[in-house]
2 protein chains.
Amino acid sequence: METRIERIKKQLHSSSYKLTPQREATVRVLLENEEDHLSAEDVYLLVKETSPEIGLATVYRTLELLTELKIVDKINFGDGVSRYDLRQEGAAHFHHHLVCIECGAVDEIQEDLLEDVEAVVEARWNFIIKDHRLTFHGICHRCKDKAEVVEKNA
Amino acid sequence: METRIERIKKQLHSSSYKLTPQREATVRVLLENEEDHLSAEDVYLLVKETSPEIGLATVYRTLELLTELKIVDKINFGDGVSRYDLRQEGAAHFHHHLVCIECGAVDEIQEDLLEDVEAVVEARWNFIIKDHRLTFHGICHRCKDKAEVVEKNA
DNA sequence: GTGTCAAAATAAAATCATTATAAATTAATT
DNA sequence: AATTAATTTATAATGATTTTATTTTGACAC
């Protein structure tokens, strides 16, 4: 954890930004909730637990800054709020998401899976891919299993 | 065009909704601007040209209704506004998008391309896919060609 | 045709996430 | 220590979307 904070500190410095206490607290929250997909408000509430004096606008600015530096990814699942996700270190590609339409859970897929598709798109559409977003909406394994159990008992 | 309106009318009726003049005007705007990705506000302004008495809220409600009936897709490119896109008739899958980070253009890919990937995801993550969203961010063929010309002339 | 009821539309106000502004604080530099 | 630049805070503003209350419309029974 500390080493990751150190690394992020260096990333900030290399763009001549400082790792202020508020920014550090924000980054810590993101690290501690790495598997979640927190909204700005979520982050704000969590940061407030350790640094009650922080303002919502500061959290927004910090998240924006981290997004700019490609330390976090800003993602949008169409529920009206932006969510922020720490990037995997050294990951060349972005991970994908599985959004459950039953329970709302968001799971991640770290595998790329898109290499072939991207090759086709670049060749056929003459488009240089810099980034991609792939989200599947459906029924997650938990809800699926639950439904099967109910069915069996019926 | 008229046949498509007729078909949409039937779709509405089969869910016991009516194709009111306002709804028809909204659908017409969507049909006339099929290759664009209009925001609710865009649709509103265009509908207003032929039906000046329509309200923004009605447009929102109509778009929401059409989305519910899967006549249009609501998409979100992270620029803060939702955009609405007529579905291809009879398309079993959603089309994908190419967003140019230079000029902001949004092109569509009608081909599926994801069949193999979906098979892997369903099997490996035990997830039932109902819908997907795939967007590539990068440099479109127009900007790419422009850059090459500049390079050649330099 | 007229009355009645429900669906739909309108206009205005409310809500919610996000951003901008201005004043205050902190840190870095001279 | 003084000056300047960054950063933060609190508050107000914005902008997209939704809700609410009210009015209009259309279908159907009488």
Side-chain angles (χ1 to χ4, degrees), chain A residues 8-29 37-69 71-85 104, chain B residues 8-9 11-29 37-69 71-85:
Chain A
I8 288 168
K9 187 172 179 179
K10 277 185 194 128
Q11 282 185 267
L12 283 166
H13 282 155
S14 73
S15 304
S16 52
Y17 291 110
K18 303 164 207 165
L19 185 64
T20 63
Q22 292 88 341
R23 285 176 184 166
E24 182 173 339
T26 305
V27 169
R28 277 182 193 282
V29 163
H37 299 81
L38 302 174
S39 67
E41 185 93 28
D42 294 338
V43 173
Y44 170 65
L45 292 173
L46 288 167
V47 174
K48 244 180 142 43
E49 288 177 11
T50 56
S51 315
E53 74 292 351
I54 202 168
L56 178 57
T58 302
V59 171
Y60 269 104
R61 261 188 313 248
T62 301
L63 291 172
E64 188 188 9
L65 178 63
L66 294 173
T67 304
E68 222 169 80
L69 296 181
I71 293 166
V72 308
D73 284 323
K74 184 176 181 177
I75 42 185
N76 212 309
F77 296 124
D79 59 349
V81 292
S82 297
R83 295 173 182 283
Y84 298 85
D85 217 357
Chain B
I8 288 169
K9 187 173 179 179
Q11 282 185 266
L12 283 165
H13 283 155
S14 72
S15 304
S16 52
Y17 291 109
K18 302 167 207 163
L19 185 64
T20 64
Q22 293 88 341
R23 286 176 183 165
E24 182 172 340
T26 304
V27 169
R28 276 182 194 282
V29 163
H37 299 81
L38 302 174
S39 67
E41 185 93 30
D42 293 338
V43 174
Y44 170 63
L45 292 173
L46 287 167
V47 175
K48 242 180 146 43
E49 287 177 11
T50 56
S51 315
E53 73 291 351
I54 202 169
L56 178 56
T58 303
V59 171
Y60 270 105
R61 264 186 308 248
T62 301
L63 292 171
E64 190 187 7
L65 177 63
L66 294 172
T67 304
E68 223 169 79
L69 296 182
I71 293 166
V72 309
D73 285 324
K74 184 176 181 177
I75 41 183
N76 211 310
F77 296 124
D79 59 349
V81 291
S82 297
R83 294 172 183 284
Y84 298 86
D85 218 356

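All chains are named by letter (A, B, ...) in the order of the sequence lines, taking the proteins before the strands, and each is independently numbered beginning at 1.
- With values rounded to the nearest 0.5 angstrom, A:L63 atom CG is found 11.0 Å from A:I71 atom CD1.
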Verdict with reasoning, A:Y84 to A:L66, per side-chain contact (heavy atoms from CB on, under 4.5 Å): CA-CA 9 Å; A:Y84 298 85; A:L66 294 173; over 6 Å; no

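- Distance A:Y17 OH to C:dT26 C1': 18 Å, rounded to the nearest Å.
- What separates CG of B:N76 from C1' of C:dT18 is a distance of 14 Å, to the nearest Å.
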Under 3.5 Å, which donor-acceptor pairs link side chains of residues 47-56 of chain A to any protein atom two or more places apart or in another chain?
unit_1 : atom_1 : unit_2 : atom_2 : d
A:K48  : NZ     : A:Y44  : OH     : 3.3
A:K48  : NZ     : A:P52  : O      : 3.0
A:T50  : OG1    : A:V47  : O      : 3.2

Full working for side-chain contact (heavy atoms from CB on, under 4.5 Å) between B:T20 and B:T62: CA-CA 10 Å; B:T20 64; B:T62 301; over 6 Å; no

Pair B:V81-B:D42, side-chain contact (heavy atoms from CB on, under 4.5 Å): steps then yes or no: CA-CA 10 Å; B:V81 291; B:D42 293 338; over 6 Å; no

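- Contacts between residues 42-55 of chain A and DNA chain D, defined by a heavy-atom separation below 4.0 Å, involve A:E53, A:I54, A:G55, listed by number.
- Taking atom CG of residue B:L63 and atom P of nucleotide C:dA9, one finds them 12 Å apart after rounding to whole Å.
- Annotation: the span from B:D79 atom CG to B:S39 atom OG amounts to 8.5 Å, rounded to 0.5 Å.
- Rounding to the nearest 0.5 angstrom, the gap separating the CG atom in A:L69 from the CG atom in A:L65 is 5.0 Å.
- Between B:D79 atom CG and C:dT19 atom P the separation is 12 Å, expressed in whole Å.
- Residues satisfying the side chain to side chain contact (heavy atoms under 4.5 Å, CB included) criterion with A:A57, sequence neighbours excluded, are A:R61.
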Sub-3.5 Å pairs of nitrogen or oxygen atoms, protein against nucleotides 17-25 of chain D:
unit_1 : atom_1 : unit_2 : atom_2 : d
D:dT17 : OP1    : B:S82  : N      : 2.9
D:dT17 : OP1    : B:S82  : OG     : 3.1
D:dT17 : OP2    : B:Y60  : OH     : 2.4
D:dT17 : O5'    : B:Y60  : OH     : 3.3

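- Scanning both residues, A:A40 and A:V59, for their nearest heavy atoms gives O-CG1, 3.8 Å.
- For B:L12 and C:dA7, the CG to C1' distance is 13 Å, given to the nearest whole Å.
- Applying the salt bridge (charged side-chain N to carboxylate O under 4.0 Å, His left out) test to every pair with at least one member in residues 13-25 of chain A, sequence neighbours left out, gives these pairs: A:E24-A:R28.
- Checked against B:Y17 for a side chain to side chain contact (heavy atoms under 4.5 Å, CB included), the options B:E68, B:Q11, B:K9 give a single hit: B:E68.
- Applying a 4.0 Å cut-off to non-hydrogen atoms, the residues of residues 18-29 of chain B that approach DNA chain C are B:K18, B:T20, B:Q22, B:R23, listed by residue number.
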